[in-house]
Visitor: 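Have a look at the structure that comes next, please.
Values reported hereafter were calculated over all heavy atoms of this structure, with side chains retained and with hydrogens, waters and symmetry mates removed.
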Amino acid sequence: MITEVFTANQLKKEAPVFGQLSFDDHEQVVFCQDKDTGLKAIIGVHNTILGPALGGTRMYDYATEWDALNDVLRLSRGMTYKAAITGLNLGGGKAVIIGDPKKIKTPELMKRFGKFVHTLGGTYYTAEDVGMETSDMDTVREVTPYVTGISEAKGGAGNPSPVTAYGVYMGMKAATKFAYGTDGLEGKRILVQGIGHVGEELVRLTSEEGANVVISDINQERLTEVSSKYGADIYRGDDLYAETADIYAPCALGATVNNDTIDKLKVKVIAGAANNQLANENIHGSLLQKKGIVYAPDFLINAGGIINVYAEIEGYGRDQIMAKTQNIYDTTLDILNKAKATNMTTNAAAISIAEDRITAGKNKQ
């Protein structure tokens, strides 16, 4: 038994997978490689007590393979809680493909990845995520039925991004009501960081309600495009986190709420689409609580996407998709009120509700 406290580098040597802090009792981690297509992928299956694991595939040019492993572990764990708290009969899983999608993504690579998914026999269903398009899921569907988020023309629910954004919008309004006493966004200054498919739709929804939206992204062309479409202001300062605003909406990659940024934040609400926004959910959840910032748990309010693709498995229609997504508003308010009543962080309150449902499912087995 290893009893010493290790540094990160030592931990990698002693326990390269099980020793990862983000491993958190995953059921399976599958490493996939194919020399012919250049595929290097990792599939994480966190929990299947409530049903098959479902979660998108992210294609990203990670700096190291350790970063990719940590990402898939954190994301798949988040999917377990996302499905549980949303009331879906699903478990949590996720996949990452290592590499720049603009450089190495090909139909052959996607099909080879699909074949790896197929070997899991339905334990894991994949879907669209960062670096992926609906058309990529259509390609994967050619080699396996264990894929969701395919195009409507092929019988699927289509691009989940608009539904994801609508759920974030509902969660944002609920958090705004909790913080300000009313859920109206008119006149509120909202910092939207990351304007991909989901971020852009969130900009549209909030702008149409009369919010003063400020957008930030590494892609200057996207900034100009989205700004001209919706009248949003482009952030041109040096430190977005130090800006005075009402709401911060992180919609890019995770861990933007951390030791460096929390001290700077001058907002009353954090509600965005990014996964794993808290670099450390315990430490940074507590710091937000002490600072009086209302945090809408990301795995709850960005659940619209999984609701959308789950429809392909369960066979329900658009009206039910939108009704289930709209319910994120009520669930968010319930969690914020529970956190206040029990003096828990909002993230801990959300996790406790999700874990109660998973435990109940386990007891029925």
Side-chain angles (χ1 to χ4, degrees), residues 161-258 260-275 277-278 284 287-288 291-298 300-302 304-305 325-326 328-329 332-333 336 346:
S161 297
V163 186
T164 302
Y166 182 66
V168 174
Y169 176 62
M170 287 291 99
M172 179 183 290
K173 287 177 70 66
T176 301
K177 181 175 178 63
F178 186 84
Y180 291 97
T182 176
D183 65 11
L185 299 180
E186 185 176 1
K188 292 287 188 294
R189 190 166 194 249
I190 303 175
L191 308 176
V192 180
Q193 181 186 43
I195 47 172
H197 297 313
V198 176
E200 178 181 348
E201 180 66 8
L202 184 63
V203 170
R204 183 187 72 81
L205 291 167
T206 52
S207 295
E208 288 181 354
E209 193 175 329
N212 299 321
V213 182
V214 180
I215 56 176
S216 172
D217 198 281
I218 60 174
N219 188 327
Q220 295 301 309
E221 289 184 13
R222 286 287 292 159
L223 284 172
T224 302
E225 177 188 353
V226 173
S227 175
S228 63
K229 285 173 72 173
Y230 308 110
D233 294 326
I234 297 175
Y235 179 69
R236 302 187 188 280
D238 297 324
D239 193 346
L240 181 74
Y241 305 106
E243 282 293 300
T244 300
D246 300 293
I247 301 167
Y248 166 50
C251 296
L253 297 178
T256 60
V257 181
N258 53 53
D260 294 330
T261 61
I262 288 177
D263 285 341
K264 301 175 185 178
L265 287 172
K266 300 173 184 176
V267 298
K268 290 190 71 173
V269 172
I270 297 177
N275 288 302
Q277 293 167 25
L278 306 180
H284 301 124
L287 288 175
L288 290 178
K291 197 169 181 179
I293 297 175
V294 177
Y295 172 65
D298 51 61
L300 165 62
I301 70 170
N302 67 14
T325 305
Q326 187 172 17
I328 288 174
Y329 181 100
T332 302
L333 271 180
L336 297 179
T346 57

Visitor: Less than 6.0 angstrom from the centroid, inside 45 degrees of the normal: does K268 satisfy that with respect to the ring of Y180?
Guide: yes
Visitor: Quick one: CD1 on I190 to CD1 on I215, what's the gap to the nearest 0.5 Å?
Guide: 12.5 Å
Visitor: Given 3.5 Å as the limit, does a donor-acceptor pair link the side chain of D183 with the main chain of K173, or not?
Guide: no
Visitor: Less than 4.5 Å apart, any side-chain heavy atom of Q326 and any of Y166?
Guide: yes
Visitor: Going by heavy atoms in the side chains, are L191 and Q193 under 4.5 Å from each other?
Guide: no
Visitor: Quick check for you: to the nearest 0.5 Å, what is the distance between H197 atom NE2 and T164 atom OG1?
Guide: 11.0 Å
Visitor: Okay, side chain of S228, backbone of E225: is any donor-acceptor separation there less than 3.5 Å?
Guide: yes
Visitor: Let me confirm one number: the CG-OG1 distance from L278 to T256, rounded to the nearest 0.5 Å.
Guide: 8.5 Å
Visitor: List in chain and number order the residues that pass ring pair (Phe, Tyr, Trp, His ring centres under 6.0 Å) with Y241, two or more places apart in sequence or in another chain; answer none if no residue qualifies.
Guide: Y248
Visitor: Got M172 and L205 here, is their nearest side-chain heavy-atom distance under 4.5 Å?
Guide: no
Visitor: Between K291 and D263, is there a donor-acceptor pair closer than 3.5 Å when you use the side chain of the first and the backbone of the second?
Guide: yes
Visitor: If I take atom OG1 from residue T332 and atom CD1 from residue I301, how far apart are they, to the nearest 0.5 angstrom?
Guide: 6.5 Å
Visitor: Quick check: does any side chain N or O of E201 sit under 3.5 Å from a backbone N or O of A165, one acting as donor and the other as acceptor?
Guide: no
Visitor: In Å and rounded to the nearest 0.5 Å, what is the CD1 to CD1 distance from I195 to I218?
Guide: 10.5 Å
Visitor: Restricting to salt bridge (Lys or Arg N to Asp or Glu O under 4.0 Å), what partner residues turn up for K229, sequence neighbours left out?
Guide: E200
Visitor: Treating K188 as the side-chain partner and A211 as the backbone partner, does any N or O pair qualify as donor plus acceptor under 3.5 Å?
Guide: no
Visitor: Quick check for you: to the nearest 0.5 Å, what is the distance between I293 atom CD1 and I262 atom CD1?
Guide: 7.0 Å
Visitor: Is the number of heavy atoms from other residues, nucleotides or ligands within 6.0 Å of CD (E186) greater than 12?
Guide: no
Visitor: Between N212 and D233, is there a side-chain heavy-atom distance shorter than 4.5 Å?
Guide: no
